[in-house]
Amino acid sequence: MGRSYQLGLFIRGDVDVKDLHQAERFKPSATRRDFLGLAAAWSAVLAFMMAMLGAFRLPMPSVFPESDSKVKLGHPNRFEIGTSTYYPKHQLWLFRDEQGFYAISSICTHLGCVAERKENGKFDCPCHGSKFSVEGEIEGGPAPKGLLWLDLSVSPEGVLVADTLSDVNVGTRLTA
Amino acid sequence: MAGMETKSTPDKGAKPVRQVGDPGALGDFGANLLSTPRSFMRSMVRHGKPTSDRAKSQAVFGNFFLHILPVRTHVHSIKAATTLGLGVATLVLFILLCVTGILLMVYYKPSVDQAYASMLDIAHVVPSGRLMRNIHRWSAHAMVACVMLHMARAFYTSAYKGPRQFNWVIGMSLFVLTLALSFTGYLLPWDQLAYWAVTIGANIAQSPRELTDTLGITAVFDVGGMQKELLLGAHYVGQEALIRFYVLHVMVLPLVTSIMIAVHFWRIRKDGGLARPISADAVAASPIASSSGDSSPQLKTYGLMSLMKGRTPAVNLEIRNTVTTWPNVMYVIGAATMVTILAMVLLGVLFDAPLSEMANPAVPENPAKAPWYFLGLQELVSYSAFMGGVGIPAIVVLGLALVPYLDREKEDLGIWFSGRKGRRVALTSAIFSTVVVIGMLWFTVSYGWLRNWESTAHVPQIVITLLNPGTVFVVLFAVWSVITVKATSSTRMGAIALFTCFLVGFVILTYFATVHRGPNWDFYWSKAAWPVH
Ligand code: HEM
Ligand code: FES
């Protein structure tokens, strides 16, 4: 007599260990077992992926620390026609001409350095030499697009406000 | 009673019957106390002095830290020309970085208000703080250099070939991890250099937007923006970014790197030790083996080895060319360790790690240069961000990882450049890529690139994004390597051509951006020619 083994749910009773090598004997239930095994394995994989998704959702912020992207620039009357004002903390230029107000961000659209406004009104980026026109359009260098024109509005208390996270079409002016 | 007494035959010193006045158990205690150092030693290291082969084997086999090493090692593996000690040097640098890093953590504060001040404290107030910081900084640079050189040596000695393909891939992950460790560490001092290099890095992560913008799908599918937000936790480099980089730098990346190093070493064992030429086994007993004072090893088969596929260590004839790992390999590892540590301590004593002014988001550094190993990429990024910063690095890393699967010729394992033919291919490829890269740089410096010319100034952005001088290099290098494959009818020669081109390209771009790029990323012959502000 060979030794007998009790092998879990699928093989009941005493089984001669030699029989285990005769796969034929167990064939009928093999597909069902495969199915259950695969289902179990895949649900484990799925559960793991869901858990990972949940874990990696965490570092994606839903609220940004700078959620207050609106910058108060001052009362419109403060700015004469034909002047420009720089806000170093927010890296933006405010302009007023005959048609109204507009604000251009001096953050270079290439890789985020601060473009300098030269005497002639054009912008130059010190990092990789992107060049922008007086209106912020690309004139050279690697930047993929022109400097952003920021969304301007007037707050209820009558102060000019620029939104650093929202841009408008080039040429859009706030008429005062 | 008497039976019991004889059965429990006591130790040498103990007496079966004690009488009044005898020192007794107290005497045993005294004797035990005196011999404690010896018996403690013996409980820790079970074998005696490693003089016999058996004890030498046990010294390796029975030690937790050494048992990753085989008991006997092939003589080819411990020749200096096989590894140049670069793998061990990389490991030593990693350990050195962990030790000095933990010491720096004692004083460093990952807060935008305090980080810079704590760096100043470490440099000027903390006892031996400056030395530890210097060693940490120079070891970080050295580790990047060593990991690259180690990779080049594994490549040129064909060590990536079967059965070691997967260990090459693990090596690639270690290469990327090493760069990530450096990059995350770069921000922590919170000085101007750090701030602007990381601002640029984070915007490179955002640069897939150049593609999605062209396709007009950024609003729904903004990979670039997601990557930047994930990295910075904000739209700019601030407190959120600092704490993220800190967590990655001191915790996540070192842990992952340690695990990958363990896997890397384990695979070396399982792949049959270091790659070696077939000729290394043809020689009977080699001079090293006979001079090391080993008794001639017995031919023997290892039971478990029969479970493993492929060529296994020290089976049959190869054992003739092996020496005991203790002490022969220990000497090699010890020498590499001492040289590495000595070099780092010397650098640390002689040169201070740089620290510029405190980070100022309003004023960019000009030029804002990344650490040297990223400067080659920075040069490419200065033509277009996406291709230079994401596209080309991805192609290179992927291409390198695929090398062992594309070149499967089995000959010439463990032979530098696979012999004379390979040396010639490497040399011609080096000349070819030097001409291509220097020619291209000369061209762009003299004539500019797409945006500078009338006819191309207004080509669509997608052309500017994709047609980077780097793209030209990659295409030319690929063509060159295909030509080499055809001309030599050998994929190994093609691989040598490609790897050499990339290596030379990397070196030249790095040199060029380090020395010849100044303010506004303009070309200068030397730093002395930079305009003064
Ligand atoms: C943290 C980084 C790494 C460490 C600490 C490390 C360490 C080591 C060590 C100690 C060895 C033994 C031989 C020697 O000293 O050269 C080795 C072998 C090897 N390494 Fe690395 N390595 C690292 C990264 C890499 C990289 C980036 C690659 C390539 C992409 C690589 C590929 C290999 C290969 C293929 C071998 C087997 C060499 C042979 O069989 O001759 N490793 N590594
Ligand atoms: S960041 Fe302005 S040109 Fe690169």
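These numbers come from the heavy atoms of this one structure, side chains and all, not from hydrogens, waters or symmetry mates. Residue numbers start from 1 in every chain, and the chains themselves are labelled A, B, ... in the order their sequence lines are given, proteins ahead of strands.
Environment of CG in A:Asn120: crowded, with over 12 heavy atoms of neighbouring residues, nucleotides or ligands closer than 6.0 Å. Open room surrounds CZ on B:Phe221; 12 or fewer heavy atoms of other groups in view lie less than 6.0 Å from it. Within a 6.0 Å sphere centred on NZ of A:Lys118, other residues, nucleotides and ligands contribute more than 12 heavy atoms. Taking a 6.0 Å sphere around CD of A:Glu80, one finds it holds 12 or fewer heavy atoms contributed by other residues, nucleotides or ligands. Applying the 6.0 Å contact sphere to CZ of B:Phe523 captures more than 12 heavy atoms from other residues, nucleotides or ligands.
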Q.
Determine whether B:Val381 and A:His110 satisfy the following criterion, side-chain contact (heavy atoms from CB on, under 4.5 Å), listing intermediate values before the conclusion.
A. CA-CA 9 Å; B:Val381 151; A:His110 180 227; 3.8 Å; yes
Q: Show your reasoning for whether side-chain contact (heavy atoms from CB on, under 4.5 Å) applies to B:Thr199 and A:Cys113.
A: CA-CA 8 Å; B:Thr199 299; A:Cys113 288; over 6 Å; no
Q: Take B:Val363 and A:Val114 through the side-chain contact (heavy atoms from CB on, under 4.5 Å) test and state the conclusion after the steps.
A: CA-CA 7 Å; B:Val363 183; A:Val114 184; over 6 Å; no
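Once rounded to the nearest 0.5 Å, the distance linking NE2 of B:His235 with CD1 of A:Ile107 reads 11.5 Å. Note: B:Tyr236 OH to A:Thr164 OG1 = 10.0 Å, rounded to the nearest 0.5 Å. The distance from atom CD1 of B:Ile200 to atom SG of A:Cys127, rounded to the nearest 0.5 Å, is 4.5 Å. In this structure, A:Cys125 SG and B:Trp521 CH2 are separated by 12.0 Å, a value rounded to the nearest 0.5 Å. With values rounded to the nearest 0.5 angstrom, A:Met60 atom CE is found 10.0 Å from B:Gln227 atom CD. The distance from atom CD of A:Glu116 to atom CG of B:Asn520, rounded to the nearest 0.5 Å, is 7.0 Å.
With hydrogens and angles ignored, the 3.5 Å screen pairs a side-chain donor or acceptor of A:Gln91 with a backbone N or O of B:Pro361. With B:Arg517 contributing its side chain and A:His128 its backbone, the two residues share no donor-acceptor pair below 3.5 Å.
By number of non-hydrogen pairs under 4.5 angstrom with chain B, the leading residue of A:Gly141, A:Ser106, A:Gly129 is A:Gly141. The greatest number of non-hydrogen atom pairs below 4.5 Å with chain A, out of B:Gly388, B:Ser207, B:Ala385, is found for B:Ala385. When each of B:Glu229, B:Gln206, B:Arg209 is checked for heavy-atom pairs under 4.5 Å with chain A, B:Glu229 comes out on top.
Only the side chain of B:Asp213 comes within contact range of chain A, with heavy atoms under 4.5 Å apart. Contact of A:Ile138 with chain B is made through the side chain alone, with heavy-atom distances under 4.5 Å.
Of all the heavy atoms in B:Arg244 and A:Pro61, the pair that sits closest is NH2-CD, 4.4 Å. Across all non-hydrogen atoms, the minimal contact from A:Pro142 to B:Tyr383 is CB-O, 3.3 Å.
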